[in-house]
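Below you'll find the structure, written out as structure tokens, and then a few comments.
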Amino acid sequence: MTSESTAATTARRRVDVLVVGAGPAGLAAAARLAAAGAGRVEVLEREARPGGVPRHCAHGGFGTWTRPLTGPGYARLLCGAAERAGAVIRTNVTVLHWAVPAGATAQGSPALTTVSPGGAETIEARAVVLATGARERPRTARLVPGTRPTGVYTTGELQQAVHLFGQHIGTRAVVVGAGDVSYAAAGTVRASGARVVAQVTDAPRAATTPARAQWARLRLGIPLLTDTTVMELLGCGRLSGVRVRHRDGRTAVLPCDTVVFTGDFVAENELARRGGITVSTGPHTSRPGVFAAGGLCDPGRRAPAAAENGTATGSAVLRWLAEARWPAAAAP
């Protein structure tokens, strides 16, 4: 089938605001826009359920002091707020590409081609919010040599395996990193019934609160190896250990059947890149009418901060819809 015939069979419709990504930033932006009467606000999510990363973060820390929440509870809160405001959340929808080069139709409105169980369609909008989030660099992107065994995870993969699918991950794990997300990963490992044999970081100290680091080391018995780098993964079929190098040049092998690479977040900017769109730290991109929010602008930010940023981005979209003025510094 040619591209012309594909285009001819693709349904086309229009909304007022299209939000790509139903994580904290996207849901908060949608709630702000729908509550303010921005018209039809539609959120597209490629996963089967909305909520983003918090869906599989079973630990606490997502609410407030007066209303503590786990990740799934926080995700439900954001979804409920967006739906009550009037936003439409559609799951199992994958955005393929911009409908025309540079992300604009002949009339100047952004348009995206999507595919879902219901088929392909092109959706035009007065404004598009890219809330595609961020991801951790996997082992391959970190250029860690060695074999290609099973038992190698990022934090997100680990949390989904344990909390969403109830999978057994192993018995002895090494966690690479010593930031907040690394300690959350260590908690997930322990929740699965496995033991954390060590946390490894090339930094001179843990990048979390002293109280959290001391609790893990003294109360949970998790050794923290600072100024230490993972040199190689070992094992055929299943991971059998990791070779590490200390700052003074000494090397050692840590026997384990699971390793979790944490942190080192990068923006999920593939959709923006395909449209030739430049994203900065603010809500305005290089393409008028296309906004960015959450982890796409600042990879690795915490979920509440991403939601707050999504709300601010929603306010910026409302100003655009009312005034149709784009900052000169953001325009190409």
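Listed by first then second residue, pairs satisfying side-chain hydrogen bond (donor to acceptor under 3.5 Å, both in side chains) with a partner in residues 213-230 read T228-H246, not counting sequence neighbours.
Looking at W326, its side chain does come within 3.5 Å of a backbone N or O of T285 through a donor-acceptor pair. Under a 3.5 Å cut-off, the side chain of S192 and the backbone N or O of H168 do not form any donor-acceptor pair. Remark: the backbone N or O of P145 is paired with a side-chain donor or acceptor of R139 at under 3.5 angstrom. A side-chain donor-acceptor contact under 3.5 Å links Q199 to the backbone of G177. Counting only distance, with no hydrogens or angles, the side chain of R172 and the backbone of P255 share a donor-acceptor pair below 3.5 Å. At least one donor-acceptor pair closer than 3.5 Å links the side chain of E136 to the backbone N or O of G263.
Between E270 and R46, none of the side-chain N atoms (NZ, or NE/NH1/NH2) sits under 4.0 Å from a carboxylate O, so this pair counts as no salt bridge. A salt bridge links R126 with D16: the closest approach of a Lys/Arg side-chain nitrogen to an acidic carboxylate oxygen falls below 4.0 angstrom.
In this structure the side chain of H284 never reaches within 4.5 angstrom of the side chain of W320, judged on heavy atoms. Here the side chains of R32 and L318 are in contact, with some heavy-atom distance below 4.5 Å. Within the 4.5 Å cutoff, the side chain of P24 has heavy atoms near those of the P54 side chain. Using a 4.5 Å heavy-atom threshold, the side chains of R14 and S109 count as touching. Residues W98 and V290 are in side-chain contact: their nearest non-hydrogen atoms beyond the backbone lie under 4.5 Å apart. Residues I123 and L112 have side chains not in contact (no heavy-atom distance under 4.5 Å, counting atoms from C-beta outward).
Members clustered with L233: V144, V152, V174, V176, V197, V200, L225, V230, L239, V242, V244, L254, V259, F261, by chain and number, using a 4.5 Å side-chain heavy-atom cutoff among hydrophobic residues. Hydrophobic cluster of F165: the remaining members, joined at side-chain heavy-atom separations below 4.5 Å, are L164, listed by chain and number. Here V115 sits in one hydrophobic cluster together with L96; the rule is ILVMFWY side chains under 4.5 Å apart, joined directly or through other members.
Surrounding CZ of R90 are more than 12 heavy atoms belonging to other residues, nucleotides or ligands, all under 6.0 Å away. Applying the 6.0 Å contact sphere to CZ of R13 captures more than 12 heavy atoms from other residues, nucleotides or ligands. No more than 12 heavy atoms of other residues, nucleotides or ligands sit less than 6.0 Å from atom CZ of R148. Heavy-atom neighbours of E308 CD from other residues, nucleotides or ligands within 6.0 Å: at or below the threshold of 12.
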Worked check of side-chain contact (heavy atoms from CB on, under 4.5 Å) between R212 and D180:
CA-CA 9 Å; R212 190 173 194 179; D180 288 334; 3.5 Å; yes
R190 and I222: CA distance, side-chain angles, deciding distance, side-chain contact (heavy atoms from CB on, under 4.5 Å) verdict:
CA-CA 11 Å; R190 297 181 73 250; I222 301 175; 4.3 Å; yes
Side chain to side chain donor-acceptor pair (under 3.5 Å) between T171 and D257: does it pass, once the steps are laid out?
CA-CA 7 Å; T171 59; D257 56 15; 2.9 Å; yes
For T147 and R238, run side chain to side chain donor-acceptor pair (under 3.5 Å): C-alpha distance rounded to whole Å, both residues' side-chain angles, the deciding distance at 0.1 Å, then the answer.
CA-CA 10 Å; T147 58; R238 179 77 192 191; over 6 Å; no
Go through the steps for R287 and V279 under the test side-chain contact (heavy atoms from CB on, under 4.5 Å), then give the verdict.
CA-CA 9 Å; R287 178 64 50 189; V279 176; over 6 Å; no
Can you check side-chain contact (heavy atoms from CB on, under 4.5 Å) on L130 and L271, steps first, answer last?
CA-CA 8 Å; L130 300 179; L271 184 58; 3.7 Å; yes
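Transitive grouping of hydrophobic side chains (ILVMFWY, heavy atoms separated by less than 4.5 Å) keeps L224 and V260 in distinct clusters. Under the 4.5 Å side-chain heavy-atom criterion for ILVMFWY residues, no single connected hydrophobic cluster contains both M231 and L234. Connection of I169 to V181 is not established within any shared hydrophobic cluster, with ILVMFWY side chains joined at heavy-atom distances below 4.5 Å, either directly or through further cluster members. In the hydrophobic cluster analysis, where Ile, Leu, Val, Met, Phe, Trp and Tyr join through side-chain heavy atoms closer than 4.5 angstrom, V53 is grouped apart from V175. Neither V88 nor L33 shares a network with the other; the hydrophobic side chains, linked directly or stepwise wherever heavy atoms of I, L, V, M, F, W or Y lie under 4.5 Å apart, form separate groups for each.
The side-chain contact (heavy atoms from CB on, under 4.5 Å) test with L44 singles out one residue from N92, L18, T91, and that residue is L18.
Between T208 and G179, the shortest heavy-atom distance links the atoms CB-C, 4.4 Å. Listed here is the closest heavy atom pair of A82 and A31: CA-CB, 3.8 Å. For G282 against C297, the heavy-atom pair with the smallest separation is O-SG, 3.8 Å. Considering all non-hydrogen atoms of both residues, A38 and V17 come closest at CB-CG2, 4.5 Å. In terms of heavy-atom proximity, Y74 sits nearest to P304 at OH-CA, 3.4 Å. Pairing each heavy atom of A293 with each of V129, the nearest pair is CB-CG1, 4.2 Å.
The distance from atom CZ of R12 to atom OG1 of T113, rounded to the nearest 0.5 Å, is 7.0 Å. Atom CZ of R137 and atom OG1 of T262 lie 13.5 Å apart (nearest 0.5 Å). Rounding to the nearest 0.5 Å places SG of C79 at 5.0 Å from CD1 of I89. To the nearest 0.5 Å, atom CZ of residue R301 and atom CG of residue L296 are 10.0 Å apart. Note that NE2 of H56 is 7.5 Å distant from CD of E47, once rounded to the nearest 0.5 Å. For the atom pair CZ (R67) and CG (L77), the distance works out to 5.0 Å, reported to the nearest 0.5 Å.
Shown here are the side chain to side chain contact (heavy atoms under 4.5 Å, CB included) partners of P283, two or more places apart in sequence or in another chain: F291, T313, A316. T188 pairs by the side chain to side chain contact (heavy atoms under 4.5 Å, CB included) definition with L158, Q159, V162, H163, not counting sequence neighbours.
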